[in-house]
Amino acid sequence: MNIILLGPPGAGKGTQARRLVDQRDMVQLSTGDMLRAARKSGSEMGRKVAAIMDAGELVTDEIVIGLIEEQLTTAQPGGGFIFDGFPRTLAQADALAALLQRLGQNLDTVIEMAVDDDALVARVSGRFTCGDCGEVYHDQSKPPKDPAVCDECGSANFVRRADDNAESLRVRLLEYYKKTSPLIGYYYAKGLLQTVNGLDSMDGVSASIRAALDKVEQTGSIAS
Ligand code: AP5
């Protein structure tokens, strides 16, 4: 099953994608993580996108479509692909449809994680991740059991993202509403959209996503 997790910055896409990887053996394809890895590697592309990402703007369609194409054609699909943070524009959505068709695959459902902007500010400003395994934490809603050690891998290397500040978040939200939110109507019209309450607890959101995926698996469609 191939799915998209769609939602604004801080909606919880990465958190839920990691749970689906554990629970369903799915493969997370996060364009944000791919771009951060390119920056860290010091590649020419990584250097090109660094300032754009820090400002909270979207990098070009050409770059992210290229990254996704590379992963889709080389990664083992396991229990299916989770597109996390991609597509973010109508051009990216069309490119994904063409890519999947070329590979003889389908997009099974799009899960919109609905949240409100006030919650996003609190989520993004309290976020930190393990620099070694990528586990996502939050100062209030998900602190590690031992404050100095990652629950998953035991590392003490916690990092905060350069774009998790008030000014960058404002730009990221504007980019979301201008360029990404039209995808909600696009996938609704294609009969693929399901919406979950992203303001629920992490476990509550996981249960809603599980129900949405079960519906697709049991009926082959999201029509009720
Ligand atoms: P990207 O890395 O994709 O960032 P984003 O979309 O802004 O999403 P986030 O990672 O900020 O949030 P999330 O929804 O994953 O939330 P999380 O689970 O971490 O993109 C970064 C940049 O890369 C972009 O700005 C752009 O420049 C570029 N880029 C990437 N993809 C691109 C594309 N396709 N096209 C063009 N440019 C692209 O959760 C957030 C926090 O909340 C965490 O601390 C978590 O613990 C907590 N939390 C999660 N769920 C809950 C809950 N239910 N209750 C309480 N707390 C919760």
Side-chain angles (χ1 to χ4, degrees), residues 4-21 28-39 45-46 48-69 71 82-93 95-96 111-130 134-144 151-152 158-165 167-181 183 196-209:
I4 293 173
L5 295 181
L6 182 65
K13 304 180 294 293
T15 299
Q16 296 298 331
R18 288 179 68 84
R19 289 182 171 208
L20 290 170
V21 169
Q28 177 185 11
L29 297 183
S30 159
T31 39
D33 286 348
M34 293 174 208
L35 291 165
R36 279 185 287 277
R39 288 181 66 162
M45 186 269 275
K48 216 155 95 182
V49 298
I52 299 171
M53 292 176 76
D54 287 350
E57 290 160 11
L58 294 188
V59 309
T60 64
D61 289 336
E62 194 191 355
I63 288 177
V64 288
I65 291 166
L67 287 170
I68 284 288
E69 180 167 12
Q71 290 294 317
I82 308 159
F83 298 98
D84 162 12
F86 179 92
R88 262 176 152 97
T89 63
L90 290 167
Q92 291 178 23
L96 177 63
I111 313 264
E112 180 205 358
M113 303 178 65
V115 280
D116 67 44
D117 295 352
D118 290 342
L120 298 179
V121 176
R123 284 197 188 172
V124 163
S125 56
R127 170 174 47 196
F128 57 100
T129 53
C130 172
E135 185 64 10
V136 185
Y137 293 97
H138 190 276
D139 292 326
Q140 276 84 43
S141 61
K142 194 191 166 192
D151 296 342
E152 294 298 315
F158 290 121
V159 288
R160 289 190 191 253
R161 277 171 43 179
D163 58 346
D164 279 350
N165 60 72
E167 177 52 23
S168 171
L169 178 62
R170 196 185 62 78
V171 177
R172 282 156 69 196
L173 275 175
L174 274 174
E175 291 281 77
Y176 177 78
Y177 288 118
K178 269 196 297 192
K179 297 175 185 167
T180 309
S181 65
L183 296 182
V196 301
N197 177 12
L199 289 174
D200 205 347
S201 66
M202 289 181 206
D203 289 346
V205 177
S206 297
S208 302
I209 292 176

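Whatever order the structure lists them in is the order used to number ligands and atoms, beginning at 1. Side-chain atoms are counted along with the backbone in the values below, which use heavy atoms only and exclude waters and symmetry mates.
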Return yes or no for this condition: an N or O of [X] is under 3.5 Å from an N or O of ligand 1.
{"X": "Gly14", "value": "yes"}
{"X": "Tyr137", "value": "yes"}
{"X": "Asp33", "value": "no"}
{"X": "Gly12", "value": "yes"}
{"X": "Val124", "value": "no"}
{"X": "Gly10", "value": "yes"}
{"X": "Ser30", "value": "no"}
{"X": "Asp163", "value": "no"}
{"X": "Arg88", "value": "yes"}
{"X": "Lys142", "value": "no"}

Report yes or no: do Tyr176 and Asp117 form a side-chain donor-acceptor pair below 3.5 Å? no
Ligand 1-proximal atoms of [X], by part, heavy-atom distance under 4.0 Å:
{"X": "Met113", "result": "neither"}
{"X": "Arg36", "result": "side chain"}
{"X": "His138", "result": "both"}
{"X": "Leu35", "result": "side chain"}
{"X": "Val64", "result": "side chain"}
{"X": "Gln92", "result": "side chain"}

Once you measure the plane-to-plane angle for Tyr137 and Phe158, does it fall in the parallel (<30°), tilted (30-60°) or perpendicular (>60°) bin? perpendicular
Proximal ligand 1 atoms for [X], defined as those under 4.0 Å from one of its heavy atoms:
{"X": "Ser201", "answer": "53 (N)"}
{"X": "Thr15", "answer": "17 (P), 18 (O), 39 (O), 45 (C), 49 (C)"}
{"X": "Ser141", "answer": "55 (C), 56 (N), 57 (C)"}
{"X": "Gly85", "answer": "31 (N), 32 (C), 33 (C), 34 (N)"}
{"X": "Thr31", "answer": "30 (C), 31 (N), 32 (C), 33 (C), 34 (N)"}
{"X": "Asp200", "answer": "52 (C), 53 (N), 54 (N)"}

Which residue and atom name correspond to the protein heavy atom nearest [atom], and how close is it?
{"atom": "atom 23 (O) of ligand 1", "result": "Met53 CE, 3.5 Å"}
{"atom": "atom 43 (C) of ligand 1", "result": "Val136 CG1, 3.6 Å"}
{"atom": "atom 37 (N) of ligand 1", "result": "Val59 N, 3.1 Å"}

Arg161 near ligand 1, heavy-atom distance under 4.0 Å? yes
Which pairs pass side-chain hydrogen bond (donor to acceptor under 3.5 Å, both in side chains) with one or both residues in residues 8-17, sequence neighbours excluded? Gln16-Ser206
Given the rule in the side-chain contact (heavy atoms from CB on, under 4.5 Å) test, do Met53 and Val59 qualify, once you have shown the distances and angles that lead to the verdict? CA-CA 7 Å; Met53 292 176 76; Val59 309; 4.1 Å; yes
Does a salt bridge link Arg18 with Asp84, judged by any charged N lying under 4.0 Å from a carboxylate O? no
Positive for side-chain contact (heavy atoms from CB on, under 4.5 Å) with Leu58, one of Ile63, Thr89, Ile52: Thr89
Could you go step by step and tell me if Glu175 and Glu57 meet the side-chain contact (heavy atoms from CB on, under 4.5 Å) rule? CA-CA 7 Å; Glu175 291 281 77; Glu57 290 160 11; 3.8 Å; yes
Taking every heavy atom of Val115 against every heavy atom of Ala11, the minimum-distance pair comes out as CG2-CB, 4.0 Å
Yes or no on side-chain contact (heavy atoms from CB on, under 4.5 Å) for Gln92 and Ile68, after CA distance, side-chain angles and deciding distance? CA-CA 10 Å; Gln92 291 178 23; Ile68 284 288; over 6 Å; no
As an exercise, state the distance from CE of Met34 to CE of Met45, rounded to the nearest 0.5 Å. 10.0 Å
